[in-house]
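Structure first, commentary second.
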Amino acid sequence: MVEAAIVPALADPIVPELTVPGEDQAEIKGSHDSPEKENLLNPGATKFPEVIETTQLTYYERYRVYQDYILGDTKPSEVKDFIAEYLEKVLEPYGWQALWSNDMFEVLVEVTDVETSSHKAVVKLSEPFLYESEAYPLDAEAMESFLEAKKHLVPLQELYVVSDESGEFDQTALAIEHLRFFFLHIWRSWDEDDEDDFDYFVRCCEPRLKLYYDILEDRVPADLVAEYNRLLSQCEETYKEFVKVRENISGSDSASESELNNVSMVEGVQLCEQLEKLKYKLRVMETPFYRYVLCQDGYGFPAKQAKGLRPSGENVIHVVSNSVTITLLQSLLREKLNPDCVTQEHVLEFHSDPLLAVNACFEGDVVVICPGHYYVNGYFSIADSIQVEGYGLPDDIVLEKEGKGDAFVACTASCLKISNLKFIQHGATEGILCVRKGQAVLENCVFQCDTTGVVLRTSAKLHMKNCDLYGAKGAGLEIYPSSTCELFGNDIHHCKEGIRIKNFMEELYDVPKITMMNNLIHNHEDYGITLAKFAIHIPKKKIPFAIAAQTGDTEQKENPQNNVNENNSELNSDFCEMQNVPPLLIECSSSKCEQAVVLNPSDAAECDEVITNELISTSATKRKQSRSRLNETLDAGVIDDIMSQEMFLSIVSNHFKKNGKGSFGIVYS
């Protein structure tokens with residue numbers, strides 16, 4: 001029996017308030033029922049007794065138990081022994097009922113003993129006999145024979161403790177839940193083969209537990225989850241093959257089998273190398289920081305492949321509507337499907353879900369979405385050049401994303417056109433629309449964002465016209481190097497910052513090419529346009545900064561040294577002289593290392609010209625670093641080169657209003 005002194009000592013930190021299905025108790029927040037538990041609690045015709053609910057545990061509750069009471073600082077080879085010691089302390093050894101549930105059947109049993117070393121329990125059938133199985137119908141006698149063949153030993157992981165009014169077995173149920181969760185979601189069959197040179201909890205348990213809850217709470221994109229599961233299955237299969245080869249080599253000692261052993265040895269080495277590569281990829285995805293990078297950059301999982309032209313050669317017009325009425329069909333035939341717009345060779349297909357319609361498209365297809373509010377469970381991954389348009393005004397055709405996690409629209413098509421639609425996103429980890437490669441044309445669309453708005457990746461192209469974008473907690477539009485962005489008549493407002501231009505790694509990427517005309521950029525928390533760059537290396541001696549603002553403080557110019565010291569080298573003056581300063585790298589947060597251009601929003605032409613001049617001045621900074629003095633006059637060749645690298649191909653008649661920190665700012669990081 002468990003000593004009375006042990007249970008109270010462990011109960012406070014380990015046991016949260018358990019809930020028994022059917023009782024009026026508050027559920028533990030932050031988790032969901034597991035799939036196997038859903039099947040367990042719906043046993044069909046057989047009326048099983050209720051089991052103690054243990055699946056709704058938070059990340060922190062599981063974390064504390066594994067760290068403080070089960071694993072501690074154990075090594076991989078010691079894990080199973082530490083778990084056995086934990087079970088020895090907390091499990092009631094006999095006298096409790098449980099539902100034995102596996103892939104074949106469910107049956108009510110009574111536990112008569114526990115073998116913690118093997119993680120098994122000795123059981124007998126309960127009275128009355130309660131059993132259910134669709135594939136294996138057995139009576140009490142047959143089930144008894146089956147138990148005798150197993151020596152009445154069943155895995156603890158397959159037992160679900162029946163609820164008891166006294167609460168005597170609550171801790172037993174919770175301990176079995178920790179055991180079951182560990183071997184289902186944390187432990188890998190190859191962990192025991194790892195070297196004992198690291199803490200198992202820190203290296204394996206903690207990141208895998210965090211990954212499980214990130215997936216559970218929709219903080220990981222679906223494609224990344226699918227790729228992780230694919231790699232995990234591949235790694236398990238490779239490990240099984242490796243173990244089989246290893247056993248064959250160790251089990252054959254005769255000289256006649258030496259040649260076969262040599263072949264097996266080569267195969268074993270190849271499998272071992274393949275296994276290590278797969279394990280490395282899994283560890284990268286399990287590490288929170290690298291997983292965040294994968295989520296942001298779209299790496300780590302294969303991009304959706306384009307289907308190309310339909311095998312039959314025909315093009316299809318997909319009509320999406322909650323319900324197709326005669327009036328709607330007549331309007332479509334008159335305005336959208338008339339001979340001036342389509343040909344007789346086009347085929348019509350009708351859908352009620354826009355996601356299914358887009359997924360059914362081949363190259364050259366058209367999706368027409370009729371007025372309505374559509375809730376999209378998933379996200380649009382578009383690899384073929386298609387056209388998606390709303391039939392009506394954007395506010396009447398709303399696509400709202402259900403759940404959290406992915407970008408709402410991910411584009412890798414050579415040319416995608418989207419028009420007359422409103423997109424709404426909630427609880428996202430990626431932007432509302434991401435152009436990973438190829439080109440996207442957006443016209444007359446509304447984007448109600450959550451995290452980042454529209455993201456234009458390296459070397460991709462975006463043409464955005466007459467769109468309304470707002471609500472992003474980051475940048476409304478994020479532009480990466482080597483991309484091409486054309487903005488005409490857009491309203492970008494009420495975001496953290498309006499447009500963020502990433503100008504970095506000039507050795508590898510060209511500056512983005514941007515055209516802006518008649519855009520309204522207003523009511524952002526920070527800047528209307530932000531240029532993100534790396535920190536600048538400043539040589540010693542007198543160094544006038546080459547980044548000149550349009551307005552400045554006279555007192556700061558007269559005593560620039562004090563200004564730099566007091567503001568931690570904040571770049572907020574027109575002209576800074578720093579004497580007797582050794583070479584250093586200005587490393588500062590974006591909140592401090594900024595240069596704002598104060599503009600008059602009433603004069604759009606002046607605003608555009610100032611921003612262009614500011615960017616040209618900034619792009620010269622890198623070349624000026626190689627000179628002993630930054631204030632030397634640049635020769636005509638360098639100036640021509642700078643002008644050829646000018647970021648804005650055209651910037652005309654844009655309006656910047658009510659932006660918290662100004663219309664334009666340079667942020668060094």
Side-chain angles (χ1 to χ4, degrees), residues 66 70-85 102-103 115 117-120 150-151 153 155 157-158 179-212 223-287 289-291 293-294 299-303 305:
Y66 290 130
I70 300 181
L71 299 177
D73 58 355
T74 179
K75 307 303 180 185
S77 62
E78 304 170 337
V79 168
K80 292 184 178 179
D81 292 336
F82 272 58
I83 292 176
E85 292 179 9
N102 52 41
D103 296 335
E115 294 186 1
S117 59
S118 61
H119 305 162
K120 292 184 177 182
K150 295 178 67 67
K151 298 182 180 179
L153 289 173
Q157 295 171 238
E158 298 179 2
L179 173 72
R180 180 166 42 244
F181 183 91
F182 178 83
F183 283 104
L184 187 61
H185 300 292
I186 306 298
W187 181 255
R188 308 286 185 247
S189 53
W190 53 84
D191 285 351
E192 205 166 13
D193 291 342
D194 287 340
E195 298 293 334
D196 278 355
D197 57 352
F198 62 87
D199 186 326
Y200 182 83
F201 175 83
V202 173
R203 179 168 176 177
C204 297
C205 182
E206 182 179 4
R208 290 170 187 172
L209 182 63
K210 184 69 168 65
L211 173 62
Y212 172 84
D223 282 346
L224 194 58
V225 175
E227 177 64 7
Y228 179 81
N229 291 331
R230 186 190 68 82
L231 288 173
L232 186 59
S233 299
Q234 186 178 352
C235 197
E236 290 172 349
E237 292 298 323
T238 303
Y239 181 73
K240 290 178 182 178
E241 295 178 16
F242 173 74
V243 170
K244 185 177 180 180
V245 171
R246 183 175 62 183
E247 291 175 349
N248 290 339
I249 295 175
S250 61
S252 56
D253 299 327
S254 62
S256 61
E257 296 179 343
S258 59
E259 184 176 349
L260 181 61
N261 282 345
N262 290 335
V263 175
S264 298
M265 187 70 71
V266 173
E267 183 182 0
V269 171
Q270 293 175 343
L271 288 172
C272 184
E273 292 177 351
Q274 183 180 355
L275 182 65
E276 289 302 318
K277 291 179 181 179
L278 292 171
K279 288 163 63 177
Y280 173 77
K281 290 181 180 179
L282 288 173
R283 281 199 297 271
V284 168
M285 292 187 180
E286 290 165 355
T287 304
F289 173 76
Y290 293 124
R291 186 164 65 249
V293 173
L294 293 176
Y299 302 138
F301 52 88
Q305 299 298 315

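Both backbone and side-chain heavy atoms feed into the values below; hydrogens, waters and symmetry mates do not.
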Exercise for review: State whether the side chain of Arg208 and the backbone N or O of Ile186 hold a donor-acceptor pair below 3.5 Å, judged by distance alone.
Suggested key: yes

Review point. For Lys75, does its backbone N or O pair with a side-chain atom of Glu78 as donor and acceptor, under 3.5 Å?
Key: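 Yes.
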
Which atom of [X] lies closest to which atom of [Y], heavy atoms considered:
| X | Y | answer |
| --- | --- | --- |
| Cys204 | Phe198 | SG-CE1, 4.1 Å |
| Ser117 | Ala84 | CA-CB, 4.1 Å |
| Phe82 | Leu71 | CD2-O, 3.6 Å |

If you round to the nearest 0.5 Å, how far is [atom2] of [Y] from [atom1] of [X]?
| X | Y | atom1 | atom2 | result |
| --- | --- | --- | --- | --- |
| Phe201 | Thr74 | CZ | OG1 | 12.0 Å |
| Lys244 | Glu267 | NZ | CD | 9.5 Å |
| Leu232 | Glu237 | CG | CD | 10.5 Å |

Side-chain ion pair, [X] and [Y], N-O less than 4.0 Å:
| X | Y | value |
| --- | --- | --- |
| Asp193 | Arg246 | yes |
| Lys80 | Glu192 | yes |
| Arg230 | Glu227 | yes |
| Lys120 | Glu115 | no |

Flag side-chain contact, heavy atom, 4.5 Å: [X] against [Y]:
| X | Y | value |
| --- | --- | --- |
| Met285 | Leu211 | no |
| Phe183 | His119 | yes |
| Asp191 | Trp187 | yes |

Review point. Given the rule in the side chain to side chain contact (heavy atoms under 4.5 Å, CB included) test, do Glu236 and Trp190 qualify, once you have shown the distances and angles that lead to the verdict?
Key: CA-CA 8 Å; Glu236 290 172 349; Trp190 53 84; 3.7 Å; yes

Donor-acceptor pairs under 3.5 angstrom involving side-chain atoms of residues 272-284: please list them, not counting sequence neighbours.
from	atom 1	to	atom 2	distance (Å)
Glu276	OE2	Lys279	NZ	3.3
Lys279	NZ	Asp194	OD1	3.2

Exercise for review: Would you please test Leu224 and Tyr228 for side chain to side chain contact (heavy atoms under 4.5 Å, CB included) and show each step?
Suggested key: CA-CA 6 Å; Leu224 194 58; Tyr228 179 81; 5.9 Å; no

Check your understanding: Using a distance-only test with no angle check, is there a side-chain donor-acceptor pair under 3.5 angstrom linking Glu206 and Tyr66?
Key ->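 No.
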
Point to revise | Donor on one side chain, acceptor on other, Tyr200 and Asp73, under 3.5 Å | key: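 Result is no, nothing qualifies.
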
Check your understanding: Using 30° and 60° as the class limits, which term best fits the ring planes of Phe181 and His185: parallel, tilted or perpendicular?
Key ->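 Because their plane-to-plane angle lies in the 30° to 60° range, the rings of Phe181 and His185 count as tilted.
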
